[in-house]
Amino acid sequence: MTISPGDLRDKVGRKVLPVRLLQEVWFLMRLKTKPFVATSVGLILICLLTADVEGQQTRESLNQAQLALDSGRLEDAAGSLREALDIDPNHREARVALVDVLMRLMQWDEAEAQIETLRARFPKDAQVAYMAAAVAYRKGDFERANQLAGESIDLPDAPIQAYRIRAFARFIIKDHEGFRADLEHLIEQNPDDSDAYYHLGRYYYESQQFTEAIAAFERVTELAPQTYKAHYFLGWCQQAQGDLSSAKQSYKRAIGIVDQQKVRYGWPFTDLGELLITEWEYESGLGWQYRAIRNDPQFPYGRYKYASALMKEGPSAEVEQNLQLAIKFDPGYTEAYYLLGRYYQGIGEKDKAKEAFAKFQELRKNPLASPYGVRRER
């Protein structure tokens with residue numbers, strides 16, 4: 001049996017909907033629920049198909065919500081869904097759809113309030129618990145996101161994406177083994193999940209288990225060849241294991257994709273440049289590092305490494321300029337202050353050197369996290 005979207009709208013007015021029809025619709029829509037991604041067509045159509053007992057007004061409101069979603073008018077869709085819920089506050093699918101739309105609008109407080117209503121009415125619903133975990137995660141309550149995702153997983157018919165939410169929440173609360181276990185479960189369920197492989201590779205990278213990290217990143221590059229971050233981290237791990245030729249190839253593949261996609265991501269440019277400089281290819285390496293700051297002018301690590309390379313030829317105004325920019329973009333950049341102190345020593349500015357070294361010592365004792373949420377040095 002084949003059902004077109006037009007057929008779906010024709011069948012909405014029926015008083016009794018056969019179970020087989022609902023099964024076909026579910027199959028047709030291939031509903032997939034990922035964190036923070038609305039199933040804008042599927043959710044509302046399911047609402048439409050189950051709304052016949054709610055009356056004509058409910059159907060009209062849900063139909064208006066679907067039309068608004070089809071044209072990207074999220075605020076209008078949310079309004080129509082609220083109208084449907086004013087008529088029938090117990091309509092589960094309409095409230096789930098409203099939460100989904102509110103998440104896309106990043107209206108987290110209302111989304112959370114709607115979720116609480118759903119949880120009160122459907123306390124054993126795995127989908128509802130999963131969406132509650134997603135809202136908690138986006139609001140930064142990672143402990144609660146971990147707990148709610150676990151509740152979803154423990155219920156029948158839990159969405160597989162509940163494992164993804166729990167994995168990321170566990171990573172942030174430093175349950176790294178739990179993070180790894182959830183990623184491995186995702187891969188068991190879907191061996192082609194490139195995102196899970198990528199994050200598993202990052203887990204092994206952070207743990208300095210480079211052989212395992214290389215295997216994970218290579219799998220990502222097979223499944224999703226345009227994932228430039230996977231090529232970059234693959235290169236880093238290859239370099240850590242002494243395979244410099246492969247590392248350079250991986251960095252260059254990452255750079256090619258970055259250029260093609262026109263994204264800001266200076267890491268592979270900078271690290272390829274530094275690797276070449278260590279191999280006594282100074283001019284070539286400096287060129288790649290210059291390309292890093294051209295790719296992303298607000299990249300503190302790129303500014304710092306470019307200044308470090310320039311310092312090999314002696315202090316210059318360009319060294320100071322790039323170090324000051326590194327500090328501007330990342331005020332807690334400890335190493336940048338140390339190199340700035342060396343620069344001022346080199347040009348005879350003793351007071352400025354003393355001030356820079358004092359700041360370096362202060363940050364060593366009381367480090368500031370990077371505003372970019374990443375480590376400053378490899």
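Position 1 is the first residue of the sequence, and the numbers go up from there.
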- R82 and E110: CA distance, side-chain angles, deciding distance, salt bridge (Lys or Arg N to Asp or Glu O under 4.0 Å) verdict: CA-CA 11 Å; R82 292 187 190 101; E110 186 182 353; 2.9 Å; yes

- Measure centre to centre between the rings of F233 and W267, then say whether the value is under 6.0 Å. no

- Task: Verify the distance criterion only: is there a donor paired with an acceptor across the side chains of E313 and Y282 at less than 3.5 Å?
- Result: no

- Item | The single option from R166, R180, R170 passing salt bridge (Lys or Arg N to Asp or Glu O under 4.0 Å) against D175 | R170

- Note on the structure: Which of F217, Y204, W236 passes ring-ring contact (aromatic ring centres under 6.0 Å, His included) with F210? It is W236

- Note on the structure: Only residue of K139, R138, R144 satisfying salt bridge (Lys or Arg N to Asp or Glu O under 4.0 Å) with E112 is K139

- Message: With a sphere of 6.0 Å drawn around OH of Y290, does it hold more than 12 non-hydrogen atoms of other residues, nucleotides or ligands?
- Response: no

- Query: Can you tell me how far the CZ atom of F142 sits from the NZ atom of K174, to the nearest 0.5 Å?
  - Reply: 11.5 Å

- Message: For R219, is there an ion pair with D192 - N to carboxylate O distance below 4.0 angstrom?
- Response: yes

- Item | Single hit among Q239, Q238, H231 for side chain to side chain donor-acceptor pair (under 3.5 Å) with Y251 | Q239

- Query: So how far is it from E355 CD to F357 CZ, rounded to the nearest 0.5 Å?
  - Reply: 12.0 Å

- Task: Quick one: do D271 and Y232 satisfy side chain to side chain donor-acceptor pair (under 3.5 Å)? Show the steps, please.
- Result: CA-CA 9 Å; D271 286 340; Y232 165 68; 2.5 Å; yes

- Option passing salt bridge (Lys or Arg N to Asp or Glu O under 4.0 Å) with D259 (candidates R291, K252, R294, R253): R291

- Nearest 0.5 Å please: distance from the CD1 atom of I153 over to the NE2 atom of H185. 7.0 Å

- Test ring-ring contact (aromatic ring centres under 6.0 Å, His included) applied to F360 and Y344, Y333, Y338, the passing residue: Y338

- Task: With rounding to the nearest 0.5 Å, note down the distance linking CD in E75 to CZ in R104.
- Result: 12.0 Å

